There are 2 protein chains.
Amino acid sequence: MTECKRSPCPVACVLDILGDKWTLLVVRDLLFGKHTFKAFQESPEKIPSNILADRLKRLEREGVVVRKVYQERPRRHAYYLTDKGKELSTVMRSMVKWANKYIPETYDLKTIRGMLKE
Amino acid sequence: MTECKRSPCPVACVLDILGDKWTLLVVRDLLFGKHTFKAFQESPEKIPSNILADRLKRLEREGVVVRKVYQERPRRHAYYLTDKGKELSTVMRSMVKWANKYIPETYDLKTIRGMLKE
DNA sequence: TTAGTTACTTTCAAATAACAAGTAACAAGG
DNA sequence: CCTTGTTACTTGTTATTTGAAAGTAACTAA
């Protein structure tokens, strides 16, 4: 079973998992304590529901996220980061540092955490 | 002039610039000393030429890259990272660290540097 | 019975990506 | 000169992905 990736470059491999406009925002929400489909949808960027469903599936397949039943009747699921997922916090923080330095009017992490809670 | 971004979240803003499968590979090549259109095309992931042209334009517009004439007759250009671009090395390194830990058979930075030189 | 909630899936036009081929501006060789 | 080669793109053309809206399933509560 040959794993089919573009190249053995770690950057390319990360981009095969996270290289799009939405995936890392879901990871951000998970890191900030959001766990349900609805909660992700309510974030300020307003991710379309079909894209969200697709990205959650992909993250689960990649072992970044696990899905757990949190309620029977009606059956409802919640999403959690695995250790692999949790360690993306370092990648995210380096991005935040860069953005705060070079992109005007971006909030810092604390402010964002506040925004997502409301 | 209201800047039109999805949200003031630094993660979202970074993804508006780098959130796709190719852009950060061009930045990687630049960090590793590649500077010409042809050199980027020769990297192992084989970026299509129209996508490369588009990404270089976008990176220039975002102030991550500058284009300089390195030869008149025929006129030829080379691309270089600005300070803003160079500081993406920290983001890239955090990705490499994560990939080396969680994605099997990814090379380390030194090996990749070697691959890109040949 | 009707409305509301959550977690999706489906539909479809529009945008984007991938692949192949073409072009411009020269240089070098025969 | 004329052809071949090189670099840096651009232009089609087709394939895939996206995004907005609407629909569905399985309930709960009024």
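So you know, we letter chains A, B, ... as the sequences are listed, proteins then strands, and number each from 1. Worth saying up front: this structure is predicted, and the values here are computed from it rather than measured.
Judged by atom type and distance alone, A:Thr36 does not reach the base of C:dT6 through any side-chain donor-acceptor pair under 3.5 Å. Side chain B:Asn50 to base C:dA18: a donor-acceptor pair is found below 3.5 Å.
A side-chain donor from one of A:Ser43 and A:Lys34 sits under 3.5 Å from a side-chain acceptor of the other.
Interface limits on DNA chain D: the 5'-most and 3'-most nucleotides within less than 4.0 Å of chain B heavy atoms are D:dT6 to D:dG12.
Listed for the A:Lys5 side chain is no donor-acceptor partner under 3.5 Å among the backbone atoms of A:Ala12. Proximity of a side-chain donor or acceptor of B:Thr90 to a complementary backbone N or O of A:Ser94 within less than 3.5 Å is not detected. With hydrogens and angles disregarded, a donor-acceptor distance shorter than 3.5 Å links the side chain of B:Asn100 to the backbone of B:Tyr107.
For B:Ile51, counting side-chain heavy atoms from C-beta on, the closest listed nucleotide (C:dA18, C:dA25, C:dT9) is C:dA18. For B:Pro74, counting side-chain heavy atoms from C-beta on, the closest listed nucleotide (C:dT11, C:dC26, C:dA18) is C:dC26.
In this structure, A:Lys21 atom NZ and C:dA15 atom P are separated by 15 Å, rounded to whole Å. Between the C1' atom of C:dC8 and the OH atom of A:Tyr70 lies a distance of 13 Å, rounded to the nearest Å. Taking atom CZ of residue B:Phe37 and atom C1' of nucleotide C:dA24, one finds them 14 Å apart after rounding to whole Å. Distance B:Ile47 CD1 to C:dA18 P: 8 Å, rounded to the nearest Å. When the P atom of C:dC19 is taken as reference, atom CD of B:Gln41 falls 13 Å away, rounded to whole Å.
Among the protein residues, A:Phe40 comes within range of no part of the nucleic acid, since none of its heavy atoms lies under 4.0 Å from any strand. Using a 4.0 Å heavy-atom cutoff across all strands shown, B:Lys46 reaches no nucleic acid atom at all. Within the 4.0 angstrom heavy-atom criterion, only backbone atoms of the sugar-phosphate kind lie near B:Arg73; the bases stay farther away.
Put simply, CG on A:Leu59 and CG on A:Leu24 are 9.0 Å apart, with the number rounded to the nearest 0.5 Å. Taken to the nearest 0.5 Å, the NZ atom of A:Lys46 stands 9.0 Å off from the CD atom of A:Gln41. In this structure, CH2 on A:Trp22 lies 9.5 Å from CZ on A:Arg28, to the nearest 0.5 angstrom.
The phosphate of C:dA17 (OP1 or OP2) has no side-chain N or O of B:Trp22 nearer than 4.0 angstrom.
Ranked by how close their nearest DNA chain C nucleotide is to the 5' end, A:Arg76 and A:Lys57 are led by A:Arg76. Heavy-atom distances to DNA chain D give each of A:Arg55 and A:Arg75 a nearest nucleotide, and the one nearer the 5′ end belongs to A:Arg55.
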